[in-house]
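Down below is the structure, laid out as structure tokens.
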Amino acid sequence: MIAQNPYELFRQECQTAIAGALKKTLPDIEQPTISLKKTPNIDYGQLASSLCFELAKKLGVKPLALAQNLVASVDKSRFDLIEKVEPAGAGYINFYVDFAKFSALTLKSIRKLDKEYGFVKTEVPKKVIVEHTSVNPLHPIHIGQARNPMLGDALARILQCRGHSVSRHYYIDDVGRQSSVVAYGYAKLGKPKPTEKSDLFVGKIYTVTSCIVEINRLKRLREKACISENADDLIKINKELDEWVSIAAELQEKFPVLFMALTAKIGEDENPEEEINRLNRAYEDGQPAAKELIREVSDLCLDGFRATMKRVGVTYDSWDWESDFVWTPQVNEVMTKLQATPFIFNEKGVLQFDADKATKTLDLKGKLGLSANNEVPPLTLVRADGTTLYTTRDIAYTIWKFKHAEKVINVIGMEQSLAQLQLKLALYAMGYAENADNLVHFAYNLVTLPGYKMSSRRGHYITFDEVLDEAVNRAYQEVCKRSPMLSEEEKRNIANFVGLGAVRYALVDVDSGKPVVFTWERVLNFETNSAPYVQYTHARACSILRKAEREAENPDFALLSERLEKELILNLAGFADMFIEATEYLKPNMIADYANVLADKFNTFYNAIPVLKADSQGLIDARIALTKAIQVVMRNTLNLVGVTAPERM
RNA sequence: GGGCGAGUAGCUCAGUACGGAUAGAGCAUCAGCCUUCUAAGCUGAGGGUCAAGGGUUCAAAUCCCUUCCCGCCCGCCA
């Protein structure tokens, strides 16, 4: 017999056993739902029910007495995996698994299913779009943004293993002033060829251009304020100007040549800000010259992103340009449809979506879990000049996504929770209730640096590439220290997957709702509870299997009687439970936790119990089979979060 | 002011959706283990009023209410 989820088989037997016992001893009562939980401790058996506590109260008897009665009427012989059933504590019913059979079932299943073990397929496979990363193509991806692709990619991987058809989408936000700013600077420089990694190159142009233009704008404002003798405005403007001037000084020192060149070129324009606005409008209008220019800069930046993401094993199936939704009638269609609803109002000539009215009219508060006094603020849809806003365009994009998928998961920071809620409400308002139901905002908390405020505008950021480089460097130091005998090539190779793995793991390891404070010590941790720790453990298991020089030919699984061995079997058998839960509740951090626990248990086992020098051939083979199973499951787990499982390190 | 998210050991975090048996790890500190399958490892010690208070329950870190504290959002930005 082979099972994707051995624990589930045992659970079903226990459930049937209790149901039967209830029917026999208490034929008159309605069958309660029987929940079985994993026990806190192997001594309490492997599954336990606390149903006697609830039932005893209704029946007016003692829980323990009830448990004893139920246990007495279980006919064990009808079940395969149940070794014994016992009443325990104040009224628990504890089920003990027959380890000889359960170990055989679990280890044979893992051996047989190998790369597929534990990936229980969903009964309702769907087409799913996971939109993630979607960093604006203005500057390199920085560490504050890098948690997004790590989470998004892990989600895509687990959903795919669950049997969904997953498509990874990158939404390119190329509509908006910022893109015009960088394109303006790029054009002023005469569209130079990048002399370094292209996103880094674009990022410098963006920061410097934006700074020069901003100073120019503020100076004009100041003139106006002087003329109108508005003292309050003047103070404010001067303060802002001071700040930008200090940024300019920094940038001038960091990139003197670029700064000089851009200052000179931009100086030729009477009003750079107006030039940028003109470019922006031209782009939204789809004028060929503007299209060519902005797409060119954006593509340069995206090339850099692709290279960065490839390093960590993240790829995308679709690159969706926001501008495409503006150039085609899609955004206009959204506006037409929304205007036909009773939720649009006009304030000072600007169209707004009354999100709160929509929730009330369509009775959505309960459904969406909004508290009664949660008044959802209105959403402005278009500017006075008729151009659209980000969320309006996002509505069109979302509708498009649902033409290609039944479920859409947006991996977007929690600071955009309100906008994502308004977007969802707009879908309901437009009659796309089913789509709205299947739209998920996967919100995650920010990555921050202690004592360092990252700012794209100031050019203050640590790029993801820098973090990866540093991770690989530190890993290399570590490899040299620990394994000086290896060849240079091997050292480099190991350093690479260790460093990259450490970063990926560190960014998915923490619950997505909690903030991650970025420190090198945290991200480049090579000890317990890190990718390197799990990788090392995997390599250790591989090493045993190599030295064994044989398959587990005649294993006697009944001999796996050590407590640690049983715990390991239980962990392996419960892999599918964990996987299903992580996927259904979108909790990729559970995967990392599981890997760490399994590695922990194996290392304890490794130190305490010999595999190849065990007492009998039957036991040796059983332990080889156990080691093999651990290696397979650990590898499957690491792959779920995109971390390499090495055979040596 | 309103909304959302968080508060668990000195530090970083599991556990909370679905209430169950003595609240778990790692880091740091201290004491040990490499002629034995990879020491990126293992063993042991100390460290907790689960933010505070109240409530529901046979049972609360977990559910409900109140308060405190921190972060984010409430733009004709994205």
Side-chain angles (χ1 to χ4, degrees), chain A residues 33 35 37 39-41 43-44 48-50 53-54 56-57 62-63 88-92 94 134 136 173 175-178 322 347-352 370-371 373-378 380-385 387-391 393-394 413-419 421 443-446 448 475 478-479 481-483 498 509-511 513-517 519 521-522 525-530 532-537 539-548 581 584-585 587 589-590 593 596-597 599-600 602-614 623-624 627 648-649:
Chain A
T33 50
S35 81
K37 291 236 158 167
T39 55
N41 181 320
D43 299 326
Y44 295 135
S49 172
S50 57
F53 293 106
E54 304 146 44
K57 205 171 163 234
K62 288 219 160 82
Y92 292 96
N94 291 344
S134 302
N136 296 358
D173 175 23
V175 180
R177 234 185 73 90
Q178 293 169 311
E322 187 176 13
E347 196 179 72
K348 293 176 204 156
V350 168
L351 289 180
Q352 311 238 30
L370 304 173
S371 59
N373 49 353
N374 187 349
E375 273 191 38
V376 186
T380 305
L381 296 164
V382 286
R383 298 190 183 89
D385 67 3
T387 57
T388 53
L389 275 89
Y390 176 82
T391 307
R393 301 188 293 262
D394 204 4
M414 55 180 264
E415 72 279 3
Q416 291 201 48
S417 293
L418 176 59
L421 175 63
Y444 62 93
N445 218 316
L446 299 169
T448 55
E478 210 68 19
V479 177
K481 203 166 72 194
R482 295 170 201 272
S483 315
V498 165
D509 172 47
V510 178
D511 185 297
K514 292 193 175 169
V516 169
V517 178
T519 59
E521 303 84 73
R522 172 193 199 115
N525 171 22
F526 296 135
E527 294 174 348
T528 307
N529 202 1
S530 71
Y533 173 72
V534 181
Q535 288 174 315
Y536 176 74
T537 311
R540 266 183 152 180
C542 287
S543 172
I544 292 182
L545 296 171
R546 254 194 322 271
K547 293 234 160 88
E581 198 180 327
E584 296 306 306
Y585 294 101
K587 296 177 82 166
N589 58 307
M590 285 184 69
D593 280 348
N596 188 55
V597 169
D600 247 343
F602 179 72
N603 278 318
T604 307
F605 166 82
Y606 181 96
N607 271 272
I609 297 167
V611 174
L612 303 177
K613 290 184 179 161
R623 285 184 180 156
I624 289 175
T627 305
R648 293 170 204 267
M649 68 182 269

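So you know, we letter chains A, B, ... as the sequences are listed, proteins then strands, and number each from 1.
Within the 4.5 Å cutoff, no side-chain heavy atoms of A:Glu581 are placed close to those of A:Lys587. At least one side-chain heavy atom of A:Tyr390 sits under 4.5 Å from a side-chain heavy atom of A:Glu322. In this structure, A:Glu347 and A:Thr380 have side chains that are not in contact, with every pair of non-hydrogen atoms separated by 4.5 Å or more. Counting heavy atoms from C-beta outward, A:Pro377 and A:Leu418 have side chains that approach closer than 4.5 Å. Under the 4.5 Å side-chain criterion, counting only non-hydrogen atoms from C-beta, A:Phe526 is not in contact with A:Tyr536.
Taking A:Tyr444 as the reference, nothing meets the ring-ring contact (aromatic ring centres under 6.0 Å, His included) condition, with sequence neighbours excluded. Scored by the side chain to side chain donor-acceptor pair (under 3.5 Å) test, A:Arg648 finds no partners at all (sequence neighbours excluded). With sequence neighbours excluded, no residue forms a side chain to side chain donor-acceptor pair (under 3.5 Å) with A:Thr391. Considering only residues two or more places apart in sequence or on other chains, A:Asp43 meets the salt bridge (charged side-chain N to carboxylate O under 4.0 Å, His left out) condition with A:Arg563. Applying the salt bridge (charged side-chain N to carboxylate O under 4.0 Å, His left out) test to A:Arg540 and every residue at least two apart in sequence or in another chain returns nothing. In this view, A:Glu478 and A:Lys481, A:Arg482 satisfy the salt bridge (charged side-chain N to carboxylate O under 4.0 Å, His left out) rule, not counting sequence neighbours.
A:Arg623 comes within 4.0 angstrom of nothing in the nucleic acid, heavy atoms only. Contacts of A:Ala90 with the nucleic acid, taken as non-hydrogen atoms under 4.0 Å apart, are absent. If you check every strand for non-hydrogen atoms under 4.0 Å, A:Gly513 touches sugar and phosphate atoms only. Residue A:Ser371 is classed as a sugar-phosphate contact, given heavy-atom separations below 4.0 Å to backbone atoms only.
For the atom pair CG (A:Asn374) and OG (A:Ser371), the distance works out to 4.5 Å, reported to the nearest 0.5 Å. For the atom pair CG (A:Asp511) and CG (A:Asn445), the distance works out to 9.5 Å, reported to the nearest 0.5 Å. Between the CG atom of A:Asn525 and the OG1 atom of A:Thr519 there is a distance of 9.5 Å, given to the nearest 0.5 Å. In this structure, OG1 in A:Thr537 is found 9.5 Å from CD in A:Gln535, a value given to the nearest 0.5 Å.
Each of A:Asp511 and A:Ser417 was matched to the nucleotide of RNA chain B holding its nearest heavy atom; the match closer to the 5' end belongs to A:Ser417. For A:Asn529 and A:Arg522, each mapped to the nucleotide of RNA chain B holding its nearest heavy atom, the one lying further toward the 5' end belongs to A:Arg522.
Spacing of C1' atoms, B:C34 relative to B:G46, comes out at 26 Å, to the nearest Å. Taking the P atoms as reference points, B:C11 lies 27 Å from B:A60, given to the whole Å. Comparing B:G19 with B:A59, their C1' atoms sit 8 Å apart, to the nearest whole Å. Taking the C1' atom of each, B:U35 and B:A28 are spaced 33 Å apart, rounded to whole Å. For the P atoms, the distance from B:G53 to B:U62 is 12 Å, rounded to whole Å. Look at the P atom in both B:U49 and B:G5: the space between them is 27 Å, to the nearest Å. Between B:A61 and B:U16, the distance separating the two P atoms is 14 Å to the nearest Å. Of the P atoms belonging to B:C65 and B:A6, the separation is 15 Å, rounded to the nearest Å.
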Reading RNA chain B 5' to 3', what string of ( ), [ ], | and . shows its pairs, if Watson-Crick and G-U wobble pairs count only when both distances fall under 3.5 Å? (((((.((.[[[[.)....(...]]]].(((((.......))))).....[[[[[..)....]]]]]).)))))....
Please assess A:Asp385 against A:Thr387 for the test side-chain hydrogen bond (donor to acceptor under 3.5 Å, both in side chains), listing each intermediate value before the final yes or no. CA-CA 6 Å; A:Asp385 67 3; A:Thr387 57; 2.7 Å; yes
Apply side chain to side chain contact (heavy atoms under 4.5 Å, CB included) to A:Val510 and A:Asn589, showing your working. CA-CA 6 Å; A:Val510 178; A:Asn589 58 307; over 6 Å; no
Using residues 604-613 of chain A as the side-chain source, report each donor-acceptor pair under 3.5 Å to any protein atom, sequence neighbours left out, with the distance given to one decimal.
unit_1   : atom_1 : unit_2   : atom_2 : d
A:Thr604 : OG1    : A:Asp600 : O      : 2.9
A:Asn607 : ND2    : A:Asn603 : O      : 3.0

Any N/O pairs under 3.5 Å between the protein and nucleotides 16-20 of chain B? List them or say none.
unit_1 : atom_1 : unit_2   : atom_2 : d
B:A17  : N6     : A:Glu581 : OE2    : 2.3
B:G20  : O2'    : A:Tyr92  : OH     : 2.1
B:G20  : N7     : A:Ser50  : OG     : 2.9

Detail all sub-3.5 Å separations between protein N/O atoms and N/O atoms belonging to nucleotides 60-62 of chain B.
none

With the criterion being N/O to N/O and under 3.5 Å, what pairs connect the protein with nucleotides 67-76 of chain B, and how long is each?
unit_1 : atom_1 : unit_2   : atom_2 : d
B:C76  : OP2    : A:Thr380 : OG1    : 3.0
B:C76  : O2     : A:Ala384 : N      : 2.9

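Look at B:C34: its glycosidic torsion is within 90° of 0, and that puts it in the syn range.
Interface remark: the A:Asn94 side chain does form a donor-acceptor pair with the B:A21 base, using a distance-only criterion of under 3.5 Å.
Atoms CG (A:Asn596) and P (B:G24) sit 17 Å apart, rounded to a whole Å. If you measure from atom OH of A:Tyr44 to atom P of B:A21, you get 9 Å, rounded to the nearest angstrom. Taking atom CG of residue A:Asn41 and atom P of nucleotide B:U22, one finds them 11 Å apart after rounding to whole Å.
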Along nucleotides 30-43 of chain B, 5' to 3', which nucleotides get a B, which get an S, and which get a -, given that the test is a protein heavy-atom distance under 4.0 Å? ------SBBSBBSS
